[in-house]
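Contents: one structure, followed by commentary.
It should be emphasised that the depicted structure is a prediction, and the values quoted were computed from it without experimental measurement. Quick note on labels: first sequence line is chain A, next is B, and so on, each numbered from 1.
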There are 2 protein chains.
Amino acid sequence: MADLVYREVMHDLKERIFKNQFENKKLPDERSLSESYGVSRSSIKRALNVLAQQGIIFKKRGSGTFINPLYLKNQSLFHYEGTNLGVTDSFNLDGQHPSVKLLDYQVVPATPELQQDLFLNENDFVYQIKRLRLLDNRPIIIETGYIPIKVAPALTPEIVTGSIFNYLEDNAGKSVTKSFMSILAEPSNEEDQSLLGLNDREPVGIMEGIFFLDDGTPFEFSNMRVHYKYLKYNTFVSLDGE
Amino acid sequence: MADLVYREVMHDLKERIFKNQFENKKLPDERSLSESYGVSRSSIKRALNVLAQQGIIFKKRGSGTFINPLYLKNQSLFHYEGTNLGVTDSFNLDGQHPSVKLLDYQVVPATPELQQDLFLNENDFVYQIKRLRLLDNRPIIIETGYIPIKVAPALTPEIVTGSIFNYLEDNAGKSVTKSFMSILAEPSNEEDQSLLGLNDREPVGIMEGIFFLDDGTPFEFSNMRVHYKYLKYNTFVSLDGE
DNA sequence: TTTGAAAATTGATACGGTCCAATTTTTGGA
DNA sequence: TCCAAAAATTGGACCGTATCAATTTTCAAA
């Protein structure tokens, strides 16, 4: 699986960090790591950079590389959901039962906006899929998705009732690894209120954006109107790469 | 300022992307860029990687590097980028005039929750700072922040009316480069409505979380109640480095 | 004209080297 | 002993090269 050098180093370091195998919360210097792993310093650097970006370690020039004490002490804090792309994945938390009710399913021409967002031509068509997502029979999300036919030609209402991402990964060997999302809030409209059981003072959170396949192909434009009590987006931000 | 090679390349490319100077939303290949900028391909790669991570471009092996059409489209007033940590920074981008009204400023004992979030002991004290942020005199955010005294012993109401982050960077040589934030939505309460000029159907967006110094020290717990029209958190999520 | 193999294009990974900058450790003189 | 200068340590930036893999283009055979 992890046949990349820097990934193997990264995973091994992660495990050793977890097992508290480093004294003083300090990692060996990069040159030593390079020698002991038998890889170039560049690869060590790359592995360490990923760990630093995840907030697991931090580096101080001239001093060394250290384990972030908060990562070990309060791990739940750092299990950030900024890395959960699919909605299905994010739900499996408390052993509750997610379900999907298909509200609408049709093929429509791509609007100009969709053409731009999904890199389509004028005569391209998209699936328009509107789903209500529930958790233990409580409605949580109204999700409207647009998927180009040419990207997933064999979709059916049955597939769409499950996880589209999982279907793609299992059957087409394509995986979704990137997304560009915007998160905002709005007052609820009448449809929100009736489908999600909100009163007119209660808002919805909105997550909308594009999901990409790992080769960079835009795969889906999605708009999710989320019951405000169930939207909580956690994210770890680091300016190091800037 | 940007005396780093890859940064200069990055900023130049960003500008050219913004000015639409690339045909077909396609950038030149890396080897050409390397030659035309007179820098190594590694530096080009590094610049492109940062842009890709920011979601501005995406790369397809064997095909080329392309501009993300979504990036040019987003023209929100409050354009909260996943890479902008401080609120002050996020405001300055659009050429509008930010200002701050100090609502409350006192020193209080750290609550048990703050003790945990900020890694404090029982007898530690924190500044409690409540500020109203405005943009061109329109109220945008009610921000309540908690900062341990021992991290920033010399804070004054005057400093707090400006940017705390900038003060720290200029005077203490400490910089804030990381944060762990949660984003959610709530109905507005009476205070929100009066301070932000909302009616009782209009919600607030909430961003709350912890800012860290670059050495990993938790620096501030912040809760921001944002006028819903001005909260737009854009984030590019990538599972590649995992 | 069509098709499919070969070649060219283009980004990805990895190596190893040079020099620099921040920090810590050592050392030698007052 | 104490302190400041020097040396060592350690991460950061950048270069140039080699090789591989995915995609597109070219081109010759059918």
Side-chain angles (χ1 to χ4, degrees), chain A residues 1-11 13 22 24-53 57-67 119 172-175 177-178 212-217 238-242, chain B residues 1-11 13 22 24-53 57-68 169 173-175 177 213-216 238-241:
Chain A
M1 184 215 288
D3 57 345
L4 300 183
V5 170
Y6 83 93
R7 274 183 186 244
E8 279 178 3
V9 172
M10 192 186 85
H11 288 135
L13 284 175
F22 294 111
N24 289 55
K25 305 216 176 295
K26 185 177 194 299
L27 267 60
D29 69 279
E30 296 182 350
R31 290 165 178 87
S32 307
L33 286 173
S34 167
E35 197 178 0
S36 62
Y37 277 103
V39 304
S40 73
R41 191 177 159 211
S42 324
S43 297
I44 296 292
K45 261 189 171 323
R46 188 164 180 184
L48 292 178
N49 280 337
V50 176
L51 293 177
Q53 211 186 348
I57 61 175
F58 58 91
K59 300 186 272 188
K60 298 188 77 168
R61 172 162 24 171
S63 183
T65 301
F66 304 87
I67 299 170
F119 253 35
K174 296 173 177 176
S175 62
T177 55
K178 295 173 194 151
F212 299 89
L213 299 178
D214 46 4
D215 64 358
T217 311
S238 168
L239 293 191
D240 288 343
E242 227 254 332
Chain B
M1 184 218 285
D3 57 345
L4 299 185
V5 170
Y6 83 93
R7 274 182 185 241
E8 279 177 4
V9 172
M10 192 185 86
H11 288 135
L13 284 174
F22 293 111
N24 291 53
K25 301 206 178 303
K26 186 179 194 300
L27 267 61
D29 69 279
E30 296 182 347
R31 291 165 178 87
S32 307
L33 286 172
S34 168
E35 197 179 358
S36 62
Y37 277 102
V39 304
S40 75
R41 193 175 156 212
S42 325
S43 296
I44 296 292
K45 261 190 170 321
R46 188 164 181 185
L48 291 178
N49 279 337
V50 176
L51 293 177
Q53 211 187 350
I57 61 174
F58 62 89
K59 302 186 267 187
K60 294 182 74 169
R61 165 151 48 163
S63 182
T65 301
F66 303 87
I67 298 170
N68 182 346
E169 197 153 351
K174 297 174 178 176
S175 61
T177 56
L213 299 178
D214 48 3
D215 65 358
S238 169
L239 297 190
D240 286 344

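Of the candidate nucleotides C:dA14, D:dT10, D:dC14, D:dT10 has the atom nearest to the side chain of A:Asp29. Checked against D:dG12, D:dC15, C:dT13, the side chain of B:Ser40 finds its nearest nucleotide in D:dC15. Considering only the side chain of B:Val5, D:dC15 comes nearest among D:dC15, D:dA18, C:dA14. The side chain of A:Val39 sits closest to C:dC15 out of C:dT10, C:dC15, D:dA13.
For D:dG12, one of the phosphate oxygens OP1 or OP2 lies less than 4.0 angstrom from a side-chain nitrogen or oxygen of A:Lys45. Side-chain nitrogen and oxygen atoms of A:Thr65 include none within less than 4.0 Å of the OP1 or OP2 phosphate oxygen of D:dT10. Using a 4.0 Å cut-off, some side-chain N or O of A:Ser43 falls inside it from OP1 or OP2 of C:dC15. The side chain of A:Lys59 places no N or O atom within less than 4.0 Å of a non-bridging phosphate oxygen (OP1 or OP2) of D:dT10.
With hydrogens and angles ignored, a donor-acceptor pair closer than 3.5 Å exists between the side chain of A:Arg41 and the base of D:dG11.
Minimum heavy-atom separation, A:Leu27 to A:Phe22: CD1-CD1, 4.0 Å. Smallest separation of non-hydrogen atoms from B:Val9 and B:Ala47: CG1-CB, 3.8 Å.
Taking for each of A:Leu48 and A:Ser42 the nucleotide of DNA chain D with the nearest heavy atom, the 5'-most of the two is the partner of A:Leu48. Comparing B:Arg31 and A:Arg31, the nucleotide of DNA chain C nearest to each residue sits closer to the 5' end for B:Arg31. Nearer the 5' end of DNA chain C, as judged by each residue's closest nucleotide, is the contact made by B:Ser32, out of A:Arg61 and B:Ser32.
In this structure, NZ in B:Lys45 is found 8.0 Å from OG1 in B:Thr65, a value given to the nearest 0.5 Å.
For the pair B:Tyr6 and B:Ser42, the minimum side-chain heavy-atom distance is 4.5 Å or more.
Nucleotide C:dA12 holds its C1' atom 8 Å from the CD atom of B:Glu30, rounded to whole Å.
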